[in-house]
2 protein chains.
Amino acid sequence: MSREESRGRPATDKVGTICRALRRAIIEQALEPGAKLPEDALGERFGVSRTIARHALGQLAAEGLVELRRNRIAVVATPSWQEARDAFDIRIELERLVVRQLAGRLTKAQIAQLHAHVDAEDEARNGPDPVSIRLATEFHILLATMTESPILIRYVSEIAYRCCLTLSLFSRPHSSECAINEHRLLIDALAKGDAEAVVALMHHHLDSVASRALVAQTRPRGRDIMDILAPYAEPLRPAPPARRAASPVAGKDSRRKAAN
Amino acid sequence: MSREESRGRPATDKVGTICRALRRAIIEQALEPGAKLPEDALGERFGVSRTIARHALGQLAAEGLVELRRNRIAVVATPSWQEARDAFDIRIELERLVVRQLAGRLTKAQIAQLHAHVDAEDEARNGPDPVSIRLATEFHILLATMTESPILIRYVSEIAYRCCLTLSLFSRPHSSECAINEHRLLIDALAKGDAEAVVALMHHHLDSVASRALVAQTRPRGRDIMDILAPYAEPLRPAPPARRAASPVAGKDSRRKAAN
DNA sequence: GCGGCCGTAACTGCATGCACTTTACATGCC
DNA sequence: GGCATGTAAAGTGCATGCAGTTACGGCCGC
C-alpha cells in the first residue's frame with residue numbers, strides 16, 4: 001500500500017498522498033473522532049477533485065479509520081470500547097508473530113534504526129502528546145516492516161493505527177515513559193535472540209498499554225453529548241440493532257471544525 | 001462492510017454489490033489469478049459507470065484480492081508462495097482467537113447453523129472443486145461472524161479469502177473429505193467447550209490445510225509461462241527489488257477472457 | 001524471414017456536471 | 001415562547017468527457 005515508487009517522487013499518486021495525510025492527521029488527533037470529512041472540502045484542501053477525495057475516503061474506510069454512511073458526510077471513526085478491546089487482542093497476536101519472526105534475525109543496521117527511533121520518541125516526550133503517541137505507534141510499524149512480509153506489515157499497521165485512534169479516545173493524559181523503556185527492552189531482547197523472552201516482553205508491553213488505556217470502560221472523554229447519552233437511549237426506538245455496544249446513535253456533530 | 005439495511009434491498013449499494021460478485025468469482029476461480037479486470041468491461045457487465053467499477057477495484061485491492069498498477073489494467077492478485085505461507089501463519093493466529101472466544105459460548109441455534117453448513121459442504125463434495133473450496137472457506141468466516149467482533153470478522157474474512165485464492169493457485173486436485181471431517185470435530189469441541197482442545201484442533205486443521213496446499217514450493221500450477229519463468233529471470237535486470245520471492249515479473253497475460 | 005519502429009486502439013487518471021438526499025434555518029402556527 | 005413545517009443550501013451518488021499512458025499489430029528496414 002505504501003511501498004511503491006519508493007525512490008523518486010510519489011508518481012503523482014494523489015489518492016495515496018491524501019490517505020497518508022489524513023491517516024496522520026487522524027492519529028495525531030488533529031482530526032478527532034467524529035470530525036466531519038466532506039468530500040469537497042478535502043478535494044479543495046488537497047487541490048484535487050471530489051472524485052479523488054472520495055476514493056481516498058473509501059480506502060480509509062476499508063482500514064477502519066473513517067466511517068462512511070450512505071448519503072452522509074464521512075466522519076473519523078469512533079471505535080466503541082469493545083471494538084478497542086478486540087483490536088488490542090488481535091494486535092497482540094499479530095505482533096507476537098512479528099517478534100517471533102524477528103528475534104535474533106536483525107542486522108546491526110536495523111537495530112541501530114530501532115534505537116534511533118526510540119531516541120526520537122524520547123525527544124518527543126515533552127512535546128505534544130499526540131506526537132509521542134504517533135511515534136510509539138510507528139515503532140511497532142517499523143518492527144513489522146522489518147519482517148518484509150507485506151501482509152503482516154499491512155495488518156499490523158492497520159490495527160496499530162486503529163489502536164492509536166482508540167488511545168486518543170479513551171486514554172488519560174498518557175504516560176509514555178514506561179512505554180519507551182519497554183521499547184528499549186524489546187530491542188535488546190530482539191538483538192539477543194531469545195524468541196520466547198521477546199514474545200513474552202511484547203505481550204506484556206501491549207497488554208499494559210491496553211490496560212493503561214482501557215481502564216475499565218471509562219466513558220469516552222466527554223466528546224459528544226449524543227455519544228455519551230447513547231447507552232441510555234435504548235428503550236425508545238423499536239430496537240436499534242446494535243447488540244454489542246457498537247455506538248447505536250450516529251452522533252449528530254461535536255465540533256464545527258471539519259477538515260480545514 | 002456487509003451489515004447494512006440487512007432486510008429489504010441492498011439500498012442500491014452498487015460498489016458493495018460489485019465487490020461481492022467479484023470476490024465470489026475470484027474465490028470460485030471463475031476469475032483466475034492474473035485475469036484482467038478492465039474498468040469499462042466491469043462497468044458494462046454490472047450496468048454501472050467506470051467510476052463505480054473503479055471504486056470497487058480499489059476496495060478489492062485494499063483486501064489484497066486484486067492488484068492495481070498505475071495506468072495498467074487491474075488483475076486478480078497472484079500471491080507468491082511466501083505470501084501464501086505468511087497469510088496462513090496469520091490466519092492461524094486469528095482463528096485461534098476466534099475459537100478461543102467461541103468455545104462453550106455457542107447457542108444451540110448457532111451449532112445447528114454450523115452443522116447445516118458442513119452438511120452443505122458434504123453435498124458439494126462431488127460437485128466442482130471451486131465450490132467446495134469456497135464452502136470450506138465460508139465455514140471459517142461463519143465461525144468468525146459468530147464472535148460478533150467486527151474487526152475480527154473483517155480480518156478473518158479477508159485473510160481467508162486470500163488463502164482461498166492461494167489454494168486455487170498452488171493446491172493439487174484438492175481432497176476435501178478430511179477437511180470436512182475436521183470441521184465436524186471442531187464444532188463438537190466448540191460445543192463441548194474445552195477451549196484448549198478446540199484451539200489445538202483449529203491449529204492442526206489449518207496447519208494441515210496449509211501443508212496439503214503448500215507442499216514444498218510447488219510451482220504454481222502451470223498457468224502462465226511468464227510466471228513460471230519468473231524465478232529464472234533474476235540475473236538479467238539491474239536488480240528487481242523483490243527480495244522476498246515476491247513474483248518479480250508482472251506476468252504479461254494468461255488468457256484473453258476477462259470479466260465476461 | 002526477422003527484429004525494431006510507429007501509429008492506432010484500448011485503457012486509465014481525473015475533473016466536471018446533474019440528480020437526489022440530507023441538513024440547517026427561517027417562517028408560521030399553536 | 002415552543003414546536004412543527006417548508007424551503008434553500010450543502011453534500012453525496014453517479015455518469016460522462018477529455019487528456020495522457022500503455023498495449024498491440026502492422027509496416028518498414030535489414
Side-chain angles (χ1 to χ4, degrees), chain A residues 4-5 8-19 22 34-62 66-76 224 226 249-260, chain B residues 4-5 8-19 21-22 34-62 66-76 224-226 249-260:
Chain A
E4 189 85 4
E5 298 275 347
R9 86 219 54 93
T12 184
D13 173 12
K14 314 210 185 194
V15 203
T17 308
I18 298 184
C19 279
L22 285 182
K36 294 184 181 180
L37 304 168
E39 297 174 358
D40 329 350
L42 261 55
E44 191 178 350
R45 193 76 195 73
F46 289 97
V48 299
S49 81
R50 265 194 335 116
T51 311
I52 304 305
R54 181 184 186 73
H55 204 83
L57 285 176
Q59 298 296 310
L60 260 12
V66 159
E67 262 170 56
L68 236 40
R69 300 112 82 220
R70 186 174 179 85
N71 279 326
R72 277 195 186 59
I73 304 184
V75 296
V76 175
D224 185 297
M226 293 306 287
V249 150
K252 279 191 71 103
D253 174 21
S254 47
R255 269 142 180 72
R256 170 105 328 189
K257 79 172 170 189
N260 38 15
Chain B
E4 187 85 6
E5 297 275 345
R9 85 217 57 91
T12 183
D13 171 13
K14 314 209 186 193
V15 204
T17 309
I18 298 183
C19 279
L22 284 183
K36 294 185 184 181
L37 302 168
E39 298 175 358
D40 327 343
L42 261 54
E44 192 178 350
R45 194 75 195 76
F46 289 98
V48 299
S49 82
R50 264 196 335 114
T51 310
I52 303 305
R54 182 182 185 74
H55 204 82
L57 285 176
Q59 298 296 309
L60 259 14
V66 158
E67 263 170 56
L68 236 40
R69 298 112 84 220
R70 186 175 179 83
N71 280 327
R72 278 197 186 58
I73 304 185
V75 297
V76 175
D224 185 300
I225 310 175
M226 294 306 288
V249 150
K252 281 191 65 109
D253 173 23
S254 48
R255 271 145 178 71
R256 171 102 331 187
K257 76 171 169 189
N260 39 14

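Quick note on labels: first sequence line is chain A, next is B, and so on, each numbered from 1. Values in this document were obtained by computation on a predicted structure and should not be read as measured data.
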- Which of B/Val66, B/Ile18, B/Leu37 passes side-chain contact (heavy atoms from CB on, under 4.5 Å) with B/Leu60? Answer is B/Val66
- In B/S/- notation, 5' to 3', how is nucleotides 5-16 of chain D contacted by protein heavy atoms closer than 4.0 Å? ------SBBBBB
- Between A/Gln59 and B/Gln59, is a side-chain contact (heavy atoms from CB on, under 4.5 Å) present by the stated rule, with each step listed? CA-CA 7 Å; A/Gln59 298 296 310; B/Gln59 298 296 309; 4.2 Å; yes
- Message: Under the rule for salt bridge (Lys or Arg N to Asp or Glu O under 4.0 Å), what residues qualify as partners of B/Arg50, not counting sequence neighbours?
- Response: B/Glu39, B/Asp40
- Message: Tell me every residue that passes side-chain contact (heavy atoms from CB on, under 4.5 Å) with A/Ser49, counting only those two or more places apart in sequence or in another chain.
- Response: A/Thr51, A/Ile52
- Item | B/Val75 vs B/Arg69, side-chain contact (heavy atoms from CB on, under 4.5 Å): CA-CA, chis, key distance, verdict | CA-CA 9 Å; B/Val75 297; B/Arg69 298 112 84 220; 3.7 Å; yes
- Atom pair distance, as rounded to whole Å: NE2 in B/His55 and P in C/dG13: 14 Å
